[in-house]
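This report concerns only the one structure given below.
These numbers come from the heavy atoms of this one structure, side chains and all, not from hydrogens, waters or symmetry mates. Numbers here are sequence positions counted from 1. In each ligand, atom 1 is the first atom listed, and ligand 1 is the first ligand listed.
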Amino acid sequence: MGARGLGITFLTLPLVIRAAAGGQWCYDSQDPKCGPSHWKELKATCGGSQQSPINIDRRRLRRDGRLGDILFEGYNQAPPGKWRLTNDGHTVVLSLQGDSAAEHINITGGGLPGTYRALQLHFHWGSLAGNGSEHTLDGRQFPMELHIVHINVNYRTLGEAKGHPNGLAVLGFFFKVSETDNSNYNTIVAGLRNVSHHGDFVDLASTFRLSNLLPSAGQLSKYYRYQGSLTTPDCSEVVVWTVFEEPVAIGRAQLKAFVNTVHFPAAGSVLLKMTNNFRPPQPLRSRQVLASRDATTSRGAACGSCRQLLWALLLLPLLGPAAARPS
Ligand SMILES: *[C@@H]1O[C@H](CO)[C@@H](O)[C@H](O)[C@H]1NC(C)=O
Ligand SMILES: *[C@@H]1O[C@H](CO)[C@@H](O)[C@H](O)[C@H]1NC(C)=O
Ligand SMILES: *[C@@H]1O[C@H](CO)[C@@H](O)[C@H](O)[C@H]1NC(C)=O
Ligand SMILES: [Zn+2]
């Protein structure tokens, strides 16, 4: 009798867990039934009109000369304390809140509506076969994207910040693949094997300058700015987005480590590698994307074509009538 009762308990437990998983969000690579197109069924905000990510179409930008240099404070020194790397089931997240040190890592200027303190950074990536950035640039997706999440210093908690459209500022950086490793990413990449499974965490051996993770300082004045949301449920529309034009170089082997080492939460006995943990671009609707003072807009690209045309016109007479005649 007692044994039988126990048996029933054990048999019903997986069913309960599966039912709970029905209310969870996921990526299509885990299960299309709870992927990004279903998020709005769980959280209406995810179907809102100011969602992220977006495609940044450089033909439709408005240049804003007030979007100059962002002041990165505390980005240039390794703070005391420890940074914890965690597999949260959706990504790998590095908490920047060791020993109140994060209070001294902040951004301001560059048209940001306030001062924002760094909370955490995390990544979105693809697979061995495909790119995985969330934002796209002129329709082009990049291999990976880094998000550094900052909270407006006027708000004390994430919950409070989510009540305000300027509550959070997220910096987005694209990656490009290089054949050599980017040694500035060694600490994070080495930590990946310690966060292989959902819920795993590891305190990194040392903190480092956050600026090491970014493109060179001279490239940071080229960025795009728009008002959007978190790219995961609850999709709160409280994010001032800054997406940088210049990608960060990362080694092919380092990118592979993300794709091959980290796993999504186990679904029953199935352990899936964490791949394609990105949300696709959302409709821009009535929003305007701004280009910083130094960013490349399509005018630059158009001029590139103009120059080709000019060369063609100059060379045409030299090539003779045969070249000029359509064949
Ligand atoms: C921003 O960071 C700088 C440098 O670490 C620090 O001196 C300053 O107090 C911080 N500002 C705020 C508002 O947290
Ligand atoms: C994927 O990324 C590579 C390297 O950045 C790029 O050349 C390619 O166009 C991208 N593919 C797509 C479909 O965006
Ligand atoms: C991280 O993983 C490596 C390899 O499995 C192991 O040698 C190391 O002790 C781990 N580090 C921590 C802090 O758990
Ligand atoms: Zn993100």
Handout entry: the Zn ion (ligand 4) - closest N/O/S atom in H147
Key =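 In H147, the N, O or S atom with the shortest distance to the Zn ion (ligand 4) is ND1.
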Problem - Shortest-distance N, O or S atom of H122 relative to the Zn ion (ligand 4) - result: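 Nearest N/O/S atom of H122: NE2.
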Practice task
Could you tell me whether the side chain of D200 and the main chain of N87 form a donor-acceptor pair under 3.5 Å?
Solution key: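 Here the side-chain-to-backbone pair does not exist.
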Exercise for the section: Verify, without hydrogens or angle tests, whether E160 (side chain) and R156 (backbone) share a donor-acceptor contact under 3.5 angstrom. Expected result: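 Judged by distance alone, yes, a pair lies under 3.5 Å.
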Problem - Over 12 non-hydrogen atoms of neighbours within 6.0 angstrom of CZ in F208 - result: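 More than 12 heavy atoms, drawn from other residues, nucleotides or ligands, come within 6.0 Å of this atom.
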Practice task
Decide whether the shortest distance between a heavy atom of K176 and an atom of ligand 2 is less than 4.0 Å.
Solution key: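 Outside the 4.0 Å threshold, so no.
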Exercise for the section: Would you please say whether a donor-acceptor pair under 3.5 Å links the side chains of R117 and N106? Expected result: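 Checked: R117/N106 side chains show no N/O donor-acceptor pair below 3.5 Å.
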Exercise for the section: State whether the shortest distance between N or O atoms of H104 and N or O atoms of ligand 1 falls below 3.5 angstrom. Expected result: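 Checking ligand 1 against H104, an N or O pair does fall under 3.5 Å apart.
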Practice task
Name the closest protein heavy atom to atom 12 (C) of ligand 2, giving the residue it belongs to and the distance to 0.1 Å.
Solution key: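 Of every protein heavy atom, N131 ND2, 3.5 Å lies nearest to atom 12 (C) of ligand 2.
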Problem - Pair R66 + D64: basic N to acidic O under 4.0 Å - result: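 Yes, R66 and D64 are salt-bridged.
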Exercise for the section: Go through ligand 1 atom by atom and flag the ones less than 4.0 Å from a non-hydrogen atom of N106. Expected result: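 The list of qualifying atoms is 1 (C), 2 (O), 3 (C), 8 (C), 10 (C), 11 (N), 12 (C), 14 (O).
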Problem - The one among M144, Q141, R140 that brings a heavy atom closest to atom 4 (C) of ligand 2 - result: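 Among M144, Q141, R140, the closest heavy atom to atom 4 (C) of ligand 2 comes from R140.
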Practice task
For residues Y185 and F258, establish whether the separation of their ring centroids is below 6.0 Å.
Solution key: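 No, they do not, as the ring centres are separated by 6.0 Å or more.
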